[in-house]
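Sending over a structure as structure tokens; questions will come in a sec.
We number each residue from 1, following the sequence as shown.
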Amino acid sequence: MIKDLPQNTVKDIAIAVALEGENIESKTWYVYLINLKNEPIENVLVTSKGYGEKDGERVKTSTLRHMFPVVKDSGFALIEPIDEATFGLSNEYWLSYYIGTDIYDKKFIFLPESIVESNFIKLPIINKPGVMIR
């Protein structure tokens, strides 16, 4: 049965954590979905959660769900703000979307301590500094 399912590979889609701004007291971070395709994606669903270990104890955040009817070609969607306190956890984003009648899905995981300045790039389309997974 599983062998009969299509192997739709996610390409030219990224999840990024961008530094939006900073002041003396704190930094502001947001998570984005970036569509690098030349066609829109539709019925986009993103679930997010964090998990891992902090101070020797297992930690798990709430699971959040986000829906976008359409993300334009060469466009982006703001998924959610993210707190720096979760950067020591694995931050998982599970993406599902349609192109026509075909469904695609992929899991993106920012590993603990991977959202650091040494990993920053200039994020395509949104033109902000941050970390991106394709």
Side-chain angles (χ1 to χ4, degrees):
M1 291 249 203
I2 290 179
K3 66 179 175 52
D4 296 328
L5 294 174
Q7 295 296 319
N8 295 338
T9 304
V10 173
K11 293 181 185 171
D12 300 326
I13 299 288
I15 301 288
V17 176
L19 177 60
E20 292 289 320
E22 58 185 308
N23 59 36
I24 296 171
E25 298 170 3
S26 67
K27 294 180 180 179
T28 305
W29 301 87
Y30 286 105
V31 181
Y32 289 92
L33 165 65
I34 302 174
N35 180 5
L36 300 164
K37 294 179 170 300
N38 293 324
E39 60 187 325
I41 58 177
E42 300 176 326
N43 297 320
V44 181
L45 177 65
V46 179
T47 60
S48 63
K49 65 181 177 180
Y51 52 87
E53 201 170 294
K54 188 168 185 168
D55 300 326
E57 293 192 30
R58 299 285 306 153
V59 177
K60 186 174 155 184
T61 67
S62 299
T63 299
L64 302 175
R65 291 169 184 82
H66 310 275
M67 173 62 177
F68 307 99
V70 175
V71 178
K72 294 179 183 176
D73 53 293
S74 299
F76 65 90
L78 172 62
I79 297 173
E80 64 187 12
I82 187 170
D83 189 331
E84 277 185 286
T86 65
F87 290 176
L89 302 174
S90 293
N91 289 284
E92 176 183 299
Y93 296 87
W94 195 329
L95 168 70
S96 189
Y97 63 91
Y98 283 87
I99 296 177
T101 59
D102 294 329
I103 190 168
Y104 296 80
D105 75 320
K106 182 175 180 179
K107 193 182 295 186
F108 298 82
I109 301 174
F110 291 92
L111 296 175
E113 307 304 335
S114 63
I115 305 169
V116 293
E117 199 166 327
S118 61
N119 291 337
F120 278 14
I121 61 169
K122 183 177 181 183
L123 299 171
I125 301 174
I126 59 176
N127 296 319
K128 295 178 182 177
V131 179
M132 181 174 82
I133 300 175
R134 279 179 91 161

Check: Lys72 main-chain N/O paired with Asn35 side-chain donor or acceptor under 3.5 Å: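 Yes, because the side chain of Asn35 sits within donor-acceptor range (under 3.5 Å) of the backbone of Lys72.
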With a 4.5 Å heavy-atom cut-off, do Met132 and Pro124 have their side chains touching?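 A side-chain contact exists here, since the closest heavy-atom pair is under 4.5 Å.
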Approximate separation, where rounding is to 0.5 Å, of Glu113 CD and Asn119 CG: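 Separation between the atoms: 11.0 Å.
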To the nearest 0.5 Å, what is the distance between NZ on Lys60 and CG on Leu89?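 Interatomic distance, Lys60 NZ to Leu89 CG, rounded to 0.5 Å: 12.5 Å.
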Identify whether Val31 and Phe108 are in the same connected component of the hydrophobic contact network (ILVMFWY, side-chain heavy atoms under 4.5 Å).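 Both belong to a single hydrophobic cluster.
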Would you check if Lys106 and Ile13 make a side-chain contact, meaning some heavy-atom pair closer than 4.5 Å?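 Of all side-chain heavy-atom pairs linking Ile13 with Lys106, none is under 4.5 Å.
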Show me the pairs that pass ring pair (Phe, Tyr, Trp, His ring centres under 6.0 Å) and involve residues 112-134, at least two apart or across chains.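 Matches after skipping sequence neighbours: Trp29-Phe120.
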Any heavy-atom pair between the side chains of Pro81 and Thr28 that's under 4.5 Å?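 Of all side-chain heavy-atom pairs linking Pro81 with Thr28, none is under 4.5 Å.
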What's the shortest heavy-atom distance between Thr47 and Arg65, and which atoms?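 Nearest pair, atom of Thr47 first, then Arg65: CG2-CG, 3.6 Å.
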List the atom of Glu22, the atom of Leu19, and the distance in Å for their closest heavy-atom pair.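 Smallest heavy-atom distance, with atoms named: OE2-CD2, 3.7 Å.
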Verify, without hydrogens or angle tests, whether Asn8 (side chain) and Ile103 (backbone) share a donor-acceptor contact under 3.5 angstrom.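 Confirmed, Asn8 side chain pairs with Ile103 backbone.
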Are any of the side-chain heavy atoms of Ile82 and Phe87 separated by less than 4.5 Å?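 Yes, close enough: below the 4.5 Å cut-off.
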Asp83 CG to Thr61 OG1 distance, which is reported to the nearest 0.5 Å: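 Taking CG in Asp83 and OG1 in Thr61, the distance rounds to 11.0 Å.
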Do Lys122 and Asn127 have side chains that get closer than 4.5 Å, going by heavy atoms?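 Yes; the side chains approach each other to less than 4.5 Å.
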Under the rule for side chain to side chain donor-acceptor pair (under 3.5 Å), what residues qualify as partners of Asp12, not counting sequence neighbours?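 Applying side chain to side chain donor-acceptor pair (under 3.5 Å) to Asp12 gives Arg134.
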Strictly by ring pair (Phe, Tyr, Trp, His ring centres under 6.0 Å), give each pair with a member in residues 44-78 just once, sequence neighbours left out.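 Ring pair (Phe, Tyr, Trp, His ring centres under 6.0 Å) check on residues 44-78 returns Tyr32-Phe76.
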Exercise: identify the closest heavy-atom pair between Ile109 and Ser90: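 Smallest interatomic distance, heavy atoms only, reads CG2-CB, 4.1 Å.
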Separation of Glu80 CD from Asn91 CG (nearest 0.5 Å):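 Spacing of CG (Asn91) from CD (Glu80) equals 8.5 Å.
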Check: Asp73 and Lys37 side chains under 4.5 Å, non-hydrogen atoms: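 Answer no - side chains too far apart.
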Least distance between heavy atoms, Val44 atom then Leu33 atom: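 Closest approach of Val44 to Leu33: CG1-CD2, 3.6 Å.
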How long is the gap from OG1 on Thr86 to NZ on Lys49, to the nearest 0.5 Å?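 So the OG1 of Thr86 and the NZ of Lys49 are separated by 14.5 Å.
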Closest contact, heavy atoms only, Asn38 versus Ser74: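 What the structure gives for the nearest pair is OD1-OG, 4.3 Å.
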Within this structure, what is the CG-CD1 distance for the pair Leu64 and Ile79, rounded to the nearest 0.5 Å?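 Those atoms lie 11.0 Å apart.
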Assess whether side-chain contact (heavy atoms from CB on, under 4.5 Å) is satisfied between Met67 and Asn43, documenting all intermediate values. CA-CA 7 Å; Met67 173 62 177; Asn43 297 320; 3.9 Å; yes
Any side-chain heavy atom of Ile15 sitting closer than 4.5 Å to one from Phe110?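 Yes. Closest side-chain heavy atoms under 4.5 Å.
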Please find the pair of heavy atoms, one from Ala18 and one from Lys128, that lie closest to each other, and give the distance.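 Here Ala18 and Lys128 meet closest at CB-CB, 4.3 Å.
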Measuring only between side-chain heavy atoms, which start at C-beta, is Asp105 closer than 4.5 Å to Val10?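 No, too far: nothing below the 4.5 Å cut-off.
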